[in-house]
Amino acid sequence: MNQFVKLWVIVGLAFLALPLLVIVPLSFTSGHYMVYTPEMLALEPDAYSARWYSEVLHDRDWMLALRNSLIIGLSAAALSTVLGTLAALGLSRSGTPGRNVWTALILLPQIVPIVVTAGGIYSAFSDLNLIGTYAGVIIAHTVLAAPVAVITIRASLERFDWNLLAASSTLGAGPLLTFWKVTLPLIRPAIVAGAIFAFATSLDEVVVIQFIGSYDQKTVPIQMLIGLREHLSPAILAVASMLVCFALSILVLSELMRRRSEIYARKTTKT
Amino acid sequence: MTDDIIGRYENVSKFYGSMAVVKNLNLDIRRGEFLSLLGPSGSGKTTTLMMLAGLQSPSSGHIFLNGRPIETTPPHRRNIGVVFQNYALFPHMTIAENLAYPLKARRMARADIAQRVQRGLEMVKLQPLAQRRPTELSGGQQQRVALARALVFEPSIVLLDEPLGALDRQLRETMQLELKQLHRETGVTMVYVTHDQAEAMTMSDRVAVFNDGKLLQCAPPPEIYDRPTSAFVAEFVGESNRLSGAVAAVDEGGCTVTTDAGIAIRTRPQPGLQRGQAVFVYLRPERILVGGAAAACENRHEAPIADAIFLGDHTRLRIELPGNRDFTIKQNFFGETRPPDLGDRIVFGWTAEAPQVVPV
Ligand SMILES: Nc1ncnc2c1ncn2[C@@H]1O[C@H](COP(=O)(O)OP(=O)(O)O)[C@@H](O)[C@H]1O
Ligand SMILES: [Mg+2]
C-alpha cells in the first residue's frame, strides 16, 4: 500500500516536472525550431548552443520587457511590502476594531476572479488617466501583490510577543523607535519573504496588465505571449528557462527566510 | 498630596465592555515602599498595575504620579520600570544591549550608557553573560536581566507582575531574597503583583488585598494577618478556624460573640460591631494555647483530640468543636510536654486578643 502511494507521488511529481525537463534542454538548441532534432537526441555537441540566450540578451524587445518587469516588479514589491507590513501589524493587533472586515477587504483581490479585478481597475483608471502609464501598472500590481505580502507577514506575527512592544514603551521608547528597534528586526525575515512573493506576483501577472498597460509597459510574460503569437522561436524557451531558474531561487530564498523567521519566532515565544 | 506619596489611585475604575475589572480603587503608594498587590487570579491586579504604567487607561477616576495626573502621559514618558511576567526581553539583543536599550532611548552619552550597563550587570551578578542572548539564559538569569533592565534607568517606580511565577520553588525563594535586597540597596519604590500570600507576607512593607476588582484592605503584613477586616482577607491569608455567630454584647472591655453552636467567645474591643450583627470569628491555629498555658485564657475549652499529626516543627491537632469539626490547633510540643494521643482530652483556649471578628 505504502509502495503504491509512493509510486503515485513519483508519477505525480514527474508529471508536474515534465514540462521543465522538456523545455530546459530544448532551450539550448542550435536549431531554429522548438523541436528535438535527431542530432540533439544523439547528444551531438554541435546540436547544442547558447545562441538563443544571447539572442534574447541582444534583442531590444526582450530587454525592454526585462527592464519593465524589473521596474514594475520592484516598485510594486516595495509598495506592497510597506503597505503589507503596516496592514499586517494592524490586523494582528488584538485591539484593532473590525479586523475581520479589513482582512476580508484586503484579501479580496486574491479571491475575486482576476478578470473582474482587471475590469474594475480599468474603469477606475481610465477616469484617472492612469491607463498606459507605469504608475497605473505599478498601482494595479500593488493591489494584487499586497495581499500576498500581508498573508506572509501576518503568519509570522501570529507568534509575535506583543509584550515586547509594551516593554519597549515602558523603557522609554516612543512608537517609532519601538518599530525600528524591536518590531522591524524581529519580523524582518517575514518582510523579506513577503517582498519576494510580492515581486513574484507582479512578475507573473499577465491579465491586468493587458487591460491597463500599453506596449511601453510590456513585461517579460507579455513579451512571451507576443512571441508565441508572432514568431515561435526557441528564444521563448530560453526566457522560460531563465524564469524557471528565477522561480527556483525564489523558492530557496523564501524557504531560508521562513526558517529564519521560525527561529526568531521560537526565540520570542520561549520564556 | 504629601511628599511621601509617590503614586495615587483616586476613584479609579476599569471596564472591559460592561465588565468591571477594577472597581473604584483608592490607593496611595508611598515613596520607597515595597507594596504588594495580592489577590486570586482575575482579581484585577495586572490591570491595576498596567494602568499605572500607562499600558491600560482607566475608564474613570484619576491616577497621580509625583502629585501630577498622568492620564495624558504616554507610557514611554512616565519613567516607570516594568518587569513582565514572561520577562519580555528583546530576543534579538544581547543582555548588555537589553540593558542599554532604555538608556539609548533617553539619548544618554555613550560613556554613561556603558558605565550604567556595567553597574546594572553587577547589581544582578550577570557580568560574565553580558554578550549572551536571552534565550541562552536560564529562567532565573532572564528574570535578573528583566529586573536590571527595569532598574537601570532609575525609574521613579518599578512595577513587577508576578515576576517569580515561572520559577521553581527553590529559585523563587532565592529570588525573593535578592529582590528584597535590591529594594533595600536602591531604595526605589516597588509595586509587586502576586497571588501567593506567603510571598506577599515575607517581602512587603504593605500588602493590598484584592478580590473581584475591589481593594479590600491595605496594611502591613502583621496587620493583614492578625487584623483582617473581611472574611475574604482572613481566609485568603494564612490558615484560620472560622466560627460563625452573632454579636451578643458590646461593652467597654470588649465584645462577646455567641456562635451558632452556643459557644461564647470574648474578644478585645473591635470597632464597628453592633449587638445582634451576624459575624465570623477567626482564630489562627497557632494562636490557640494548650494545657497549662491555656489556664489564664478568657476563652477555655476541654475536648478530645480527633487527630494529631506530627510535622516536625509543630503538631497539628484536630478538635471536633461544635460548629467547626475541623478546628485546628498548631502546637510545638517540646521537652517535658508529651504530644497527646488520639482521644486524650486536652484543655485549650485563647486570649481575648486572638479572635478576629468580621462582619459576614
Ligand atoms: N484586554 C482585556 N479584555 C477583556 N478582559 C480583560 C482584559 N484584560 C483583562 N481582562 C479581564 O479582567 C479581569 C482582571 O484581569 P487581570 O487584571 O489580569 O487580573 P489578575 O492580574 O489579578 O489575574 C479578568 O477577569 C480578565 O479576564
Ligand atoms: Mg495578572
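Hydrogens, waters and symmetry mates are skipped; everything else that's a heavy atom, side chains included, is used. Each chain gets a letter, A, B and so on, in the order its sequence line appears, and its residues count up from 1.
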[X] and [Y]: side-chain donor and acceptor closer than 3.5 Å?
X	Y	answer
B/Q56	B/T47	no
B/E10	B/H62	no
B/D161	B/T46	yes

Nearest-0.5 Å distance, [atom1] of residue [X] to [atom2] of residue [Y]:
X	Y	atom1	atom2	value
A/L164	A/K181	CG	NZ	15.5 Å
B/L65	B/I70	CG	CD1	5.0 Å
A/I121	A/I212	CD1	CD1	6.0 Å

For the aromatic rings, using the six-membered ring if either is Trp, is the centroid distance between A/F246 and A/F199 under 6.0 Å?
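Ring-ring flag for A/F246/A/F199: true, centres closer than 6.0 Å.
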So with a 6.0 Å cut-off around CZ of A/R67, is the heavy-atom count from everything else above 12?
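Result for CZ/A/R67: open.
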B/E185, CD: over 12 other non-hydrogen atoms inside 6.0 angstrom:
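Counting neighbours around CD of B/E185, more than 12 heavy atoms of other residues, nucleotides or ligands fall under 6.0 Å, so yes.
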If you look at every heavy atom in B/G32 and B/T189, which pair is closest and at what distance?
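Looking at all heavy atoms of both residues, the closest pair is N-OG1, 2.8 Å.
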Closest heavy-atom pair and its distance - A/T152, A/F197
OG1-CD1, 3.7 Å
Side chain from CB out, backbone as N, CA, C, O: work out which of these in [X] comes under 4.5 Å of a heavy atom of chain A, or both, or neither.
X	value
B/R78	neither
B/I80	backbone
B/M50	neither
B/L89	backbone

Going by residue number, which parts of residues 108-126 of chain B are within reach of chain A, meaning a heavy-atom gap below 4.5 Å?
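From residues 108-126 of chain B, none sit under 4.5 Å of chain A.
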Any residues in residues 144-152 of chain B near chain A, with a heavy-atom distance under 4.5 Å, and which are they?
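So far as heavy atoms go, B/R149 are the residues that approach chain A to under 4.5 Å.
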Could you tell me which of B/A53, B/P102, B/G81 has the largest number of non-hydrogen atom pairs under 4.5 Å with chain A?
B/P102
Less than 4.0 angstrom from a charged side-chain N to a carboxylate O is my criterion; do B/R172 and B/D196 meet it?
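The answer is yes: the pair qualifies as a salt bridge.
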